[in-house]
Amino acid sequence: MRIVSGIQTTGNLHLGNYLGAIRQWVAMQDDMQAEGGEALFFLADLHSLTVAIDPVERAATTIEMAATLLAAGIDPDRSILFNQARVSAHAELCWVLQGTARMGWLGRMTQWKDKAGKNRDGASVGLFTYPVLQAADILVYRGTHVPVGDDQKQHLELARDIAVKFNADFGVDLFVPPEPFISAAAPRIMSLRDGTAKMSKSDPSDASRINLTDSDDAIAQKMRKARTDPGQLPDTMAELAERPEARNLVTIYAALAGTGTDAVLADHAGQGFGAFKPALADLTVSVLGPIRERLVRLLDDRAAVGVALERGADKARALAEPTLRAAQRATGLQV
């Protein structure tokens, strides 16, 4: 079993990123080690070329994302961590697979339709073809499983279609049609100012999110000021259906504590938020504080983070090269 997963190279990460994605990667790493499999995690810097980002910012956020993953528990001795651009086989195989992928397949991609909108003629070609690069990201490592959310299921199906068609077209058994990797459902973390909006770094209010670099005092203050309602915590989550801010804080508590929301309510039912918020603040600080301290140390030596990415890239290249060469032989590109 070989898991392959990529993540955008965004900066200024927050609690929602940690609970919704990064901590899931750490759990996958541990699962793969226990089951004798492999986990490859990459930073999707090539994918970021589909949007206008300042080159200096792109380079900086790639290192910051890598440092965050390392600080959160990704161990480069137990997983393979690298950024795409260091492994040229991603781009090389992508071009080979563009001969297999079909315009109609890409044209049906929901994210293409959403992101291009009415300005399709002005959109980047990469925005249209990047699902083929996503397929190459997986197939070049003969990845067996890919963790996917609802918004990525269509792209995984495309990768499977490309793998099957390539094998059939060239009479080989080279690419493994990847399967979705099902792990514990990642919690959806909402804004501390609006329980109906997802926590986001683009929100103009810094009070809406807990940044992974926030101090203990900042975390406590934001939790104290988080929007709530005057009611007490009930016995069941069903009773929070119409109380989005209260539901969000209970969800955050459960995710940080590694328990279920029902267990949180069993311990805190009948409390007002004057008692619950300090407990949530203390729990948040206890979880994020050590991560922040490791992250700050790592960002003080960005060159060392780059070295860690290069070591990971060496391992990734060793896995990718045989697959790329086999694809080139199958298509007559190696003579």
Side-chain angles (χ1 to χ4, degrees), residues 3-33 38-49 51 53-87 90 137 147 186-187 189 199-203 206 209-219 222 252 255-256 284-317:
I3 283 181
V4 182
S5 189
I7 193 167
Q8 296 288 340
T9 54
T10 55
N12 192 27
L13 299 178
H14 52 70
L15 179 65
N17 299 129
Y18 172 67
L19 294 176
I22 298 172
R23 196 173 66 170
Q24 308 300 313
W25 275 22
V26 176
M28 291 174 207
Q29 167 187 264
D30 297 340
D31 289 343
M32 287 303 95
Q33 184 176 45
E38 291 180 292
L40 289 90
F41 301 126
F42 67 88
L43 308 174
D45 50 357
L46 291 179
H47 286 290
S48 73
L49 293 170
V51 294
I53 299 176
D54 180 85
V56 174
E57 179 185 351
R58 177 178 288 112
T61 56
T62 297
I63 291 296
E64 288 165 13
M65 174 60 84
T68 302
L69 294 172
L70 293 168
I74 293 297
D75 183 349
D77 292 327
R78 295 192 291 153
S79 300
I80 299 177
L81 176 65
F82 61 101
N83 58 299
Q84 271 176 315
R86 294 177 189 264
V87 184
H90 286 247
D137 295 334
I189 305 302
M199 187 176 286
S200 171
K201 70 171 186 175
S202 62
D203 191 312
D206 188 61
R209 59 188 168 269
I210 302 293
N211 303 303
L212 295 188
T213 53
D214 280 344
S215 68
D216 292 351
D217 288 343
I219 291 172
K222 288 179 179 181
I252 291 172
L256 288 169
T284 307
V285 166
S286 71
V287 173
L288 295 189
I291 294 174
R292 180 193 62 237
E293 292 172 4
R294 290 192 293 269
L295 176 57
V296 170
R297 288 197 299 270
L298 287 164
L299 291 178
D300 281 341
D301 190 356
R302 292 177 177 237
V305 177
V307 169
L309 289 176
E310 184 58 28
R311 285 202 301 266
D314 286 340
K315 298 175 185 177
R317 283 190 287 265

What one should report as the nearest heavy-atom pair of R302 and A60 is NH1-O, 3.7 Å

Heavy-atom closest pair, residues P290 and V285: CD-O, 4.0 Å

Would the distance check show the side chain of T61 and the main-chain N or O of E64 forming a donor-acceptor pair, the cut-off being under 3.5 Å? no

Minimum heavy-atom distance between A67 and V305, given as atom pair plus value: N-CG1, 4.0 Å

I'd like to check Q24 versus P187 (side-chain heavy atoms, cut-off strictly below 4.5 Å). Are they in contact? yes

Check the pair R78 / D30 against salt bridge (Lys or Arg N to Asp or Glu O under 4.0 Å), numbers first and verdict last. CA-CA 8 Å; R78 295 192 291 153; D30 297 340; 3.0 Å; yes

Roughly how far apart are I74 CD1 and M28 CE, rounded to 0.5 Å? 9.0 Å

Taking the side chain as every heavy atom from C-beta outward, state whether I252 and L256 have any atom pair closer than 4.5 Å. yes

So L70 and R294, do their side chains get closer than 4.5 Å, heavy atoms only? no

Ignoring hydrogens and geometry, is there a side-chain-to-backbone donor-acceptor pair from S79 to L81 under 3.5 Å? no

Value rounded to 0.5 Å, distance of CG in N83 from CG in L46: 8.0 Å

Ignoring hydrogens and geometry, is there a side-chain-to-backbone donor-acceptor pair from R23 to A255 under 3.5 Å? yes

To the nearest 0.5 Å, what is the distance between OG1 (T9) and CD1 (I53)? 6.0 Å

Output the distance between atom CD (E57) and atom OG1 (T62), rounded to the nearest 0.5 Å. 10.0 Å

Contacts of type side chain to side chain contact (heavy atoms under 4.5 Å, CB included), residue T10, not counting sequence neighbours: Q8, L13, M65, K201

Is there a side-chain contact (heavy atoms from CB on, under 4.5 Å) between W25 and L69 once you walk through the steps? CA-CA 9 Å; W25 275 22; L69 294 172; 3.7 Å; yes

Heavy-atom side-chain proximity of V307 to R311 below 4.5 angstrom: yes

Is the F42 ring parallel, tilted or perpendicular to the H90 ring (thresholds 30°, 60°)? perpendicular

Residue list, side chain to side chain contact (heavy atoms under 4.5 Å, CB included) with A316, at least two apart or on another chain: I80, F82, V87, Y141

Are the side chain of D45 and the backbone N or O of A85 linked by a donor-acceptor pair below 3.5 Å? yes

Please test V287 against Y18 for side-chain contact (heavy atoms from CB on, under 4.5 Å), starting from the C-alpha separation and ending with a verdict. CA-CA 11 Å; V287 173; Y18 172 67; 4.1 Å; yes

The salt bridge (charged side-chain N to carboxylate O under 4.0 Å, His left out) partners of D214 (sequence neighbours excluded) come to K222

Rounded at 0.5 Å granularity, tell me how far CD1 in I210 sits from CD1 in I219. 6.0 Å

My understanding is that only residues two or more places apart in sequence, or in another chain, count here; which of them pass side chain to side chain contact (heavy atoms under 4.5 Å, CB included) with S286? L283

Please report the shortest heavy-atom distance between G16 and M199, naming the atom on each side. N-SD, 3.6 Å

Does any N or O in the side chain of R209 come within less than 3.5 Å of the main-chain N or O of D203, such that one atom is a donor and the other an acceptor? yes

Taking C-beta and beyond as the side chain, do R58 and L49 meet within less than 4.5 Å on heavy atoms? yes

Would you give the length of the straight line joining atom CD1 of I291 to atom CG of L298, rounded to the nearest 0.5 angstrom? 12.0 Å

Close side-chain approach of D31 to I3, heavy-atom, < 4.5 Å: no

Quick one: do E310 and R317 make a salt bridge, cutoff under 4.0 Å? yes

Evaluate the side-chain contact (heavy atoms from CB on, under 4.5 Å) criterion for residues L19 and L15: first the C-alpha distance (whole Å), next the side-chain angles of each, then the deciding distance (0.1 Å), finally the verdict. CA-CA 6 Å; L19 294 176; L15 179 65; 3.8 Å; yes

For T213, does its backbone N or O pair with a side-chain atom of N211 as donor and acceptor, under 3.5 Å? no

Please determine, by modelled atom types, if D75 and Q29 share a side-chain donor-acceptor pair under 3.5 angstrom. no

Run the ring-ring contact (aromatic ring centres under 6.0 Å, His included) test against H14 and tell me which residues pass, sequence neighbours left out. none

Those residues that, when tested against V296, pass side chain to side chain contact (heavy atoms under 4.5 Å, CB included) (two or more places apart): R292, D300

